[in-house]
There are 2 protein chains.
Amino acid sequence: MISKPELSIPEPTLRRLPRYYNYLKELLKVGREIVSCTHIGKDLDLDPPQIRKDLAFTGIRGVPKVGYQVEVLLKSIEDFFGWNNIDEAFLVGAGNMGRALIGYQGFSRYGFKIIAAFDNAPEIIGQTINGVEVLPLSKIKSLCKRMNVKIGVIATPAHAAQEVAEMMIAGGIRGIWNFAPAEIRAPEGVIVQNENLATGLAVLCKKLQMLQQSGKFRQEVEK
Amino acid sequence: MISKPELSIPEPTLRRLPRYYNYLKELLKVGREIVSCTHIGKDLDLDPPQIRKDLAFTGIRGVPKVGYQVEVLLKSIEDFFGWNNIDEAFLVGAGNMGRALIGYQGFSRYGFKIIAAFDNAPEIIGQTINGVEVLPLSKIKSLCKRMNVKIGVIATPAHAAQEVAEMMIAGGIRGIWNFAPAEIRAPEGVIVQNENLATGLAVLCKKLQMLQQSGKFRQEVEK
């Protein structure tokens with residue numbers, strides 16, 4: 001199935017690699033040149049053998065009992081993700097979430113740039129947000145094709161998400177980053193990455209609840 | 001260790017349950033009364049036995065060869081997460097991301113409410129965003145204590161995140177939902193849920209790249 005390519009790289013690894021990257025950037029800032037998996041593991045609360053395995057996917061090997069050169073490791077992760085090439089993306093839905101995404105510091109570091117936004121609301125169309133123009137939604141299909149844009153970001157309300165996804169796909173978009181709290185159905189050959197904010201929230205609240213129920217919480221608070 | 005309570009419920013399960021919940025809400029809207037794991041699995045592209053296992057954590061059992069009553073299942077997930085009780089939270093950083101979070105439709109469904117925002121910028125302090133007042137950051141510690149708020153949301157730039165987390169913790173906050181692209185160090189007894197947006201992006205872009213490299217992508221496009 002094309003919509004689910006056999007990924008030789010596990011998704012948890014893909015999710016951890018940017019975390020290592022951010023962490024290594026911080027190390028570099030404070031002048032650190034060499035780092036070991038043990039050290040990374042301690043700081044990020046992860047298992048060192050797992051870290052070694054994750055990093056190996058980028059094609060790098062550390063020196064036993066020494067570790068990795070921080071700069072070389074950063075470069076290896078950058079190359080792995082192709083962050084040296086900028087992926088241009090269109091965003092639909094220039095409400096608060098859309099604006100937050102357009103203005104988010106740090107996407108450029110990951111080779112990602114929102115080059116235009118689309119919306120339906122006449123009062124929003126024509127605005128410029130952080131240098132990004134808001135265009136009428138009706139133009140998205142033709143502009144996707146003309147500009148050969150392959151990534152779309154959906155930041156609309158839930159009820160609009162599916163329709164917007166279909167417009168994007170009709171324009172040739174192959175990767176959808178979905179922030180709308182709705183499941184999107186996409187045909188084979190299109191990758192959908194759901195970013196349901198409420199999921200992280202639910203996990204946090206449940207952990208907190210379990211902590212409270214365990215009784216340890218109360219003891220801690222009373223200390 | 002208190003910061004990492006032994007969770008009898010796996011995190012992937014915790015992450016999937018809100019997804020089932022959203023999906024079931026949609027089913028309810030279109031008038032569906034009974035649903036099976038096979039059906040859910042088909043729609044959400046998940047393994048039915050896994051779904052059955054996940055749902056069992058909420059204390060529900062389906063009827064063999066029939067399934068679950070949609071409404072009862074929804075109620076079971078709500079009770080499991082405690083979404084009937086509202087968790088009140090403070091947010092720090094009333095920039096675009098903070099505003100997006102304050103205005104995000106759908107958190108209330110998950111028993112979560114941001115009741116006040118805090119910022120350092122004089123031009124933002126005193127504003128009201130979607131009914132939520134922005135207060136000076138210096139007040140957060142005393143207000144946390146007085147209002148007994150246990151959840152904090154960080155939507156600041158990376159460099160401010162650790163300091164803000166420490167102010168929250170000093171005020172008695174035990175669960176931090178972190179949107180700043182920075183790792184937060186917290187003492188035992190405090191749960192940190194990181195929401196690094198760039199991670200989802202990296203996964204999407206890498207999958208797209210692998211799809212393209214597999215050659216299937218080009219064939220698809222040329223069809």
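Per chain, numbering begins at 1; letters A, B, ... match sequence-line order.
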Worksheet item: Which of residues 17-26 of chain B get closer than 4.5 angstrom to chain A, counting heavy atoms alone?
Response: B:Pro18, B:Arg19, B:Asn22
Practice prompt. Could you go through the side-chain contact (heavy atoms from CB on, under 4.5 Å) check for B:Met210 and A:Ile9 one step at a time?
Written response: CA-CA 10 Å; B:Met210 288 191 281; A:Ile9 302 153; 4.0 Å; yes
Fill in: Distance in Å, B:Cys205 SG paired with A:Leu14 CG, rounded so as to fall on 0.5 Å steps
11.0 Å
Worksheet entry | Exceeds 12 heavy-atom contacts within 6.0 angstrom, atom CD of B:Gln127 | yes
Worksheet, complete the sentence: For B:Thr199 and A:Arg15 the tightest heavy-atom approach is CG2-O, 3.2 Å
Worksheet item: After noting the C-alpha distance and the side-chain angles of A:Glu11 and B:Lys207, does the key distance pass the side-chain contact (heavy atoms from CB on, under 4.5 Å) rule?
Response: CA-CA 9 Å; A:Glu11 178 150 342; B:Lys207 282 185 183 170; 2.9 Å; yes
Fill in: Residue selection (most heavy-atom pairs with chain A, distance under 4.5 Å) from B:Ile176, B:Thr13, B:Leu204
B:Leu204
Worksheet entry | Any residue meeting side chain to side chain donor-acceptor pair (under 3.5 Å) with B:Gln209, in chain and number order, not counting sequence neighbours | none
Worksheet item: Roughly how far, to the nearest 0.5 Å, is the CG atom of B:Asp87 from the CG atom of A:Leu208?
Response: 7.0 Å
Worksheet entry | ring pair (Phe, Tyr, Trp, His ring centres under 6.0 Å) against A:Phe112, all qualifying residues, sequence neighbours excluded | A:Phe107, A:Trp177
Worksheet item: Excluding sequence neighbours, so at least two apart, what forms side chain to side chain donor-acceptor pair (under 3.5 Å) with B:Asp47?
Response: none
Worksheet entry | Contact origin within B:Ile151 toward chain A - heavy atom pairs under 4.5 Å | side chain
Fill in: Side chain / backbone / both / neither for A:Arg185 at chain B, heavy atoms under 4.5 Å
side chain
Worksheet item: Looking only at heavy atoms, what is the nearest atom pair of A:Glu195 and B:Leu197, with distance?
Response: CG-CD2, 4.4 Å
Item to complete: Determine whether more than 12 heavy atoms belonging to other residues, nucleotides or ligands lie under 6.0 Å from atom CD of B:Gln50.
Response: yes
Worksheet item: If only atom types and distance count, is the side chain of B:Lys206 paired as donor or acceptor with the main-chain N or O of A:Phe80 below 3.5 Å?
Response: yes
